[in-house]
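Every number for a ligand or one of its atoms is a count from 1 in the order of the listing. In what follows, every heavy atom counts, from backbone to side chain, and hydrogens, waters and symmetry copies are set aside.
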Amino acid sequence: MQTIDQFSFAGKKAFVRVDFNVPVDEHFNITDDTRIRAALPTLKKILADGGSVILGSHMGRPKKNPDPKYSLKVIVDHVSKLLGVTVHFAADCQNADAEVAALKPGEALLLENLRFYAEEEGKARGLADDASDEEKAAAKKAVKESQKTFTAKLASYADCYVNDAFGTAHRAHASTALIAKLFTEKDKMFGFLMEKEVKAIEKIMSETVRPFTAIMGGSKVSSKIEIIENLLSKVDNLIITGGMTYTFTKALGGKIGKSLCEDDKLDLALELLEKAKKNGVRIVLAEDAHAADAFSNDANAIFVDVNEIPDHMMGLDVGPKTEQLFADVIKQSKTILWNGPTGVFEFENFAHGSKVVGEAIVEATKNGAFSLVGGGDSVACVNKFGLADGVSYVSTGGGALLEAIEGRVLPGIEAIRGY
Ligand code: AMP
């Protein structure tokens, strides 16, 4: 497989799929440029080699072409500033021949939002609500057909292809997967960010040093079922926490008051516990809760046995006994995966459990464990508590990371390395 550090970009034009889907405020100012910064090592290497960069990205979920609310033009100046070179802009990703031809070594060109075209995602657009199944099928077939031309056009701009957009690696889109097929093995590769993400996942999922502990938090069991199931054949310890806790507690006969609960998942919770037992996996559930009389930071709150939450209260975080229990398990681990907070960490008064988990992970990491944090809110947690530098790797991919942990092959990765 080709690797970016071995490849010389001198005199070459590289199509780089980046994830510049950054949040912007109502005045189109970028509110968090982490995703742009994450791609800089790749882009700087190409430019320093004497290559030129053609940047392809999506932003938001446009429904038409053009859709000014989602124009990537608003980020051009900032990308220029971070890269230290002028970044040109092509207002239509399918009509950029002139801009590409004018591109000199050491220069960059940003293409307008790839998703202005339905072909990027390969989904039919503009169908009437009452469209028949035949109409839907015909529209889908048409967009799949034109997707080939769309992809070929993007590929025609460049001599080589670099995928550095881990955040969209789980999508089989034109610019993330299909385009890679139009380049030879030696002319396609991961960018540095993608390489780091892939390595981090491998360290967790296949090069595991035991004991392996996964901490799965967040709100709902239903959104984490497949991950939990896959992890049950991999981990030694599975800490199930966050809002999911109470579905398990109730299934086991506890009183959970008004806590979050998915009543249609009670049987599933018991099945997962049974499967864990069979696999020799230790499931670690909360023993006590920080329960409140309202879903609010200022609610009246008490620490209570997780099985004895009063009828008018709800668990919004774990209690001190549980914090100790979780921290002990984490500190004895050599591989750690954290996805999802232990409670409603957005409320200052219910963030303590998540902070303790983060700190325990940092301590385990100091003692030689490999720790991967990812999948949305746990990243927000480590950033909020200033712990990001103390863990081994913070993933930039939400959905992509979760699908990788579910054990799925990610199309953006497969398109480059074949699996
Ligand atoms: P997820 O997106 O599924 O990872 O869930 C993250 C969200 O779960 C965060 O916004 C938390 O506030 C929320 N959450 C965590 N614990 C609880 C809880 N005990 N009750 C309600 N929401 C929770």
Side-chain angles (χ1 to χ4, degrees), residues 23 167 170 214-231 238-251 254-263 265 268-269 272 284-323 326 337-358 361 372-385 394-406:
H170 56 316
I215 305 124
M216 299 303 299
S219 48
K220 292 186 168 172
V221 190
S222 49
S223 62
K224 305 273 163 92
I225 297 167
E226 286 170 50
I227 301 172
I228 293 180
E229 285 194 327
N230 194 41
L231 286 174
L238 179 60
I239 296 178
I240 296 180
T241 184
M244 282 192 283
T245 308
Y246 309 98
T247 303
F248 284 86
T249 309
K250 184 166 175 182
K255 279 178 59 209
I256 60 164
K258 290 197 294 182
S259 304
L260 201 64
C261 181
E262 289 170 278
D263 282 317
K265 296 287 177 290
L268 174 79
L272 291 172
V284 188
L285 282 161
E287 290 180 351
D288 55 353
H290 194 188
D293 62 357
F295 190 79
S296 150
N297 187 46
D298 305 319
N300 296 309
I302 53 168
F303 292 114
V304 61
D305 186 309
V306 74
N307 295 301
E308 299 293 341
I309 297 176
D311 289 347
H312 68 291
M313 299 190 104
M314 62 188 88
L316 293 187
D317 195 11
V318 295
K321 274 194 216 155
T322 307
E323 287 179 358
F326 288 180
L337 169 69
W338 185 19
N339 170 262
T342 66
V344 185
F345 77 103
E346 298 91 334
F347 296 155
E348 220 50 57
N349 292 335
F350 300 96
H352 199 260
S354 301
K355 184 161 180 260
V356 168
V357 162
I361 296 174
L372 170 59
V373 179
D377 278 320
S378 28
V379 176
C381 273
V382 289
N383 287 333
K384 179 179 167 126
F385 305 131
V394 179
S395 175
T396 59
L401 178 74
L402 297 185
E403 288 202 14
I405 303 168
E406 281 169 16

Short N or O distance, Lys224 and ligand 1, threshold 3.5 Å exclusive: yes

Close N or O approach (Asp317, ligand 1; < 3.5 Å): no

Interfacing atoms of ligand 1 (cut-off 4.0 Å, heavy-atom, Gly242): 16 (N)

Tyr246 to ligand 1, any heavy atom closer than 4.0 Å: yes

Main-chain N/O of Val373 paired to Ser378 side chain as donor or acceptor, under 3.5 Å: no

More than 12 heavy atoms from other groups under 6.0 Å of NZ on Lys355: no

Val344 neighbourhood, listing ligand 1 atoms whose heavy-atom distance to it stays under 4.0 Å: 12 (O), 15 (C), 16 (N), 17 (C), 18 (C), 20 (N), 21 (C), 22 (N), 23 (C)

Test applied, side chain to side chain contact (heavy atoms under 4.5 Å, CB included); reference residue, Leu316; option that passes from Asn349, Leu260, Val344, Asn297: Val344

For atom 19 (N) of ligand 1, the option (of Gly315, Gly340, Gly343) bearing the nearest heavy atom: Gly315

Which residue and heavy atom of the protein sit nearest atom 13 (C) of ligand 1, plus the separation: Ser219 CB, 4.2 Å

Flag side-chain contact, heavy atom, 4.5 Å: Phe350 against Thr342: no

Student check: side-chain heavy atoms of Thr249 and Leu285 closer than 4.5 Å: no

Location of contacts on Met314 toward ligand 1, heavy atoms closer than 4.0 Å: neither

Options Met244, Glu346, Met216, ranked by nearest heavy atom to atom 11 (C) of ligand 1, top entry: Glu346

N/O donor-acceptor pair under 3.5 Å between Lys255 side chain and Asp311 backbone: no

Asp288 and Pro320, any side-chain heavy atoms less than 4.5 Å apart: yes

Where ligand 1 meets Gly243 - atom numbers and elements under 4.0 angstrom, heavy-atom basis: 15 (C), 16 (N), 17 (C), 18 (C), 19 (N)

Ligand 1 versus Asp377: contacting region, heavy-atom distance under 4.0 Å: side chain

Any donor-acceptor N/O pair, Asp317 side chain to His290 backbone, under 3.5 Å: no

